[in-house]
Amino acid sequence: SPVLSIKNEYLRASFHPDTGLLSMIEVLDRKLTLPVNQAFFWYNASVGDKRSSQASGAYIFRPSQQWPFPVSHLARTRLVKTALVQEVHQNFTAWCSQVVRLYSGQRHLELEWTVGPIPVGDKWGKEIISRFDTPLETGGVFFTDSNGREVLERRRDYRPSWKLNQTEPVAGNYYPVNSRIYITDGKMQLTVLTDRSQGGSSMSDGSLELMVHRRLLKDDGRGVGEALQEPGSGGWVRGRHLLLLDTAREAAAEHRLLAEKELLAPQLVLAPGQGPSYHHD
Amino acid sequence: HGDSSPLNQAMAVLQHHDAVSGTSKQHVADDYARQLAAGWGPCEVLLSNALAKLSGSKETFLFCRDLNISICPFSQTSERFQVLVYNPLGRKVDRMVRLPVRKGLFLIKDPGNNTVPSTVVELTSSGNPELLFPALVPALGFSVYSVTRVSDQNPQTRSQHSRPQKYS
């Protein structure tokens with residue numbers, strides 16, 4: 001099938017014709033092109049192992065192995081193109097879908113994901129991530145805006161103030177992401193803005209991941225006494241990631257202004273009929 | 001009677017107990033949700049009172065709490081309504097407004113009584129169509145857009161009936 005793409009005056013996002021997954025982003029006016037593969041994966045939650053009886057839970061993120069499983073290798077896609085918006089609707093499984101959206105005049109790509117209820121019929125707790133893989137050479141470095149303060153440099157398997165003995169290859173590299181996470185090779189920068197606090201990391205060079213949902217079957221033994229799962233069939237979540245590709249030089253100006261617009265977004269109130277008349281005073 | 005203090009107190013309780021991290025028993029998490037919902041009700045009254053005072057006209061203002069999952073019974077059933085867009089930022093912003101609606105053609109007017117381009121996108125996940133139109137909102141202010149469902153009629157034929165409105 002032909003390459004699926006959505007485009008406005010600034011951006012073009014292309015999708016793999018066989019898998020339906022996001023595969024490329026181009027910034028047309030700055031002549032930037034970056035292969036970006038985005039997909040959803042899940043970590044299998046540890047219930048304890050030979051090394052430690054610690055289970056993954058509300059306080060403790062501890063996957064049983066380093067590599068996550070793909071939620072699906074394929075996405076069923078549907079394309080919507082209008083003058084105001086172009087969207088690719090991706091359906092990965094019955095419990096994971098996404099709309100990749102490009103509004104007219106917008107310099108960022110919007111990914112609105114819907115995840116849940118996470119199935120646990122196989123008795124495996126699952127922690128779902130959205131992962132972006134690129135060929136950027138990032139040298140183990142990524143950036144997050146932890147604690148709502150300044151953006152901090154994070155380095156894989158490293159702490160700036162002590163010699164780290166890394167015992168948890170995944171969780172030991174996860175950091176809080178309050179509003180943004182980014183990677184750069186010094187020339188190009190890929191930034192993801194979140195609409196809520198999430199955990200995030202860069203587990204390999206050129207890669208970014210954010211945890212979007214989790215459902216666990218065992219308590220982590222930190223005092224709550226309940227596993228992290230909602231009653232019944234489980235909860236589901238919808239959220240948005242805003243993806244910005246820019247030169248490393250221009251990126252900060254873009255993501256700072258966009259984050260303001262996102263975190264102090266306009267509020268809508270409706271009123272019936274023609275509404276109130278306007279009074280100058 | 002509008003009041004923001006119940007929401008203030010609920011937020012304080014939630015922040016003190018790290019209520020968003022999943023580190024509480026389910027019945028406690030349910031109670032946090034109850035406190036938030038109870039706090040938001042009087043806030044809506046407070047906001048409605050403020051909007052009524054600013055506009056000089058008492059209206060039934062409606063807040064759609066489920067817009068993020070494309071549900072708003074009011075916009076999905078009304079033929080004609082107003083959309084007030086408030087911008088809390090200190091600079092003007094443009095924003096694409098998305099509202100779940102019934103199928104049909106819509107006429108959107110901006111505060112200057114100009115027709116605004118709009119489109120209706122059908123979503124597969126919810127089955128609800130969504131109306132999209134761009135809104136421009138002044139710094140720390142609001143704009144009012146009027147929405148009229150014109151069905152299959154020519155949108156231009158209805159434009160004469162809309163009254164110009166402006167807020168800032």
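Proteins get letters first, then strands, A, B, ... in listed order; numbering begins at 1 in each. Small disclaimer: the values here were computed from a predicted structure and weren't measured.
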Does the side chain of [X] come under 3.5 Å of the side chain of [Y] through a donor N or O and an acceptor N or O?
X         : Y         : result
Glu79(B)  : Thr148(B) : no
Gln9(B)   : Gln35(B)  : no
Asn8(A)   : Ser104(A) : no
His108(A) : Glu110(A) : no
Arg62(A)  : Gln54(A)  : no
Glu209(A) : Ser130(A) : no
Gln198(A) : His241(A) : yes
Arg238(A) : Thr114(A) : yes

For [X], is it the side chain, the backbone, both, or neither that has a heavy atom closer than 4.5 Å to a heavy atom of chain A?
X         : answer
Ser24(B)  : backbone
Leu67(B)  : side chain
Val121(B) : side chain

- Residue by residue, which of residues 89-97 of chain B have a heavy atom closer than 4.5 Å to a heavy atom belonging to chain A?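 Interface residues of residues 89-97 of chain B: Leu89(B), Arg91(B), Val93(B), Asp94(B), Arg95(B), Met96(B), Val97(B).
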
- Residue by residue, scan residues 216-223 of chain A and write down, ordered by number, those that have a heavy-atom distance under 4.5 Å to chain B; if none do, write 'none'.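 Near chain B, by residue number: none.
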
Given heavy-atom pairs under 4.5 angstrom as the criterion, report whether the side chain, backbone, both or neither of [X] touches chain B.
X         : value
Leu263(A) : neither
Ala83(A)  : neither
Leu228(A) : side chain
Gln106(A) : neither
Val80(A)  : side chain

Taking [X] first and then [Y], would you say they form a salt bridge - that is, a charged N and a carboxylate O separated by under 4.0 Å?
X         : Y         : value
Glu262(A) : Arg180(A) : no
Glu230(A) : Arg214(A) : no
Glu122(B) : Arg78(A)  : no

- Task: Provide the closest heavy-atom pair for Ser97(A) versus Phe92(A) in the form atom of the first, atom of the second, distance.
- Result: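 Scanning both residues completely, I find the closest heavy atoms to be CA-CD1, 4.0 Å.
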
- Max heavy-atom pair count under 4.5 Å with chain A, selected residue of Thr119(B), Leu99(B), Asp30(B):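 Maximum pair count with chain A is reached by Thr119(B).
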
- Query: Could you state the interatomic distance from CG (Leu47(B)) to CG (Asn49(B)), rounded to the nearest 0.5 Å?
  - Reply: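 Atom-to-atom, Leu47(B):CG and Asn49(B):CG are 9.0 Å apart.
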
- Message: For Tyr43(A) and Phe61(A), I'd like to know if the aromatic rings sit close, meaning centre-to-centre distance below 6.0 Å.
- Response: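 Between Tyr43(A) and Phe61(A), the centre distance is under 6.0 Å.
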
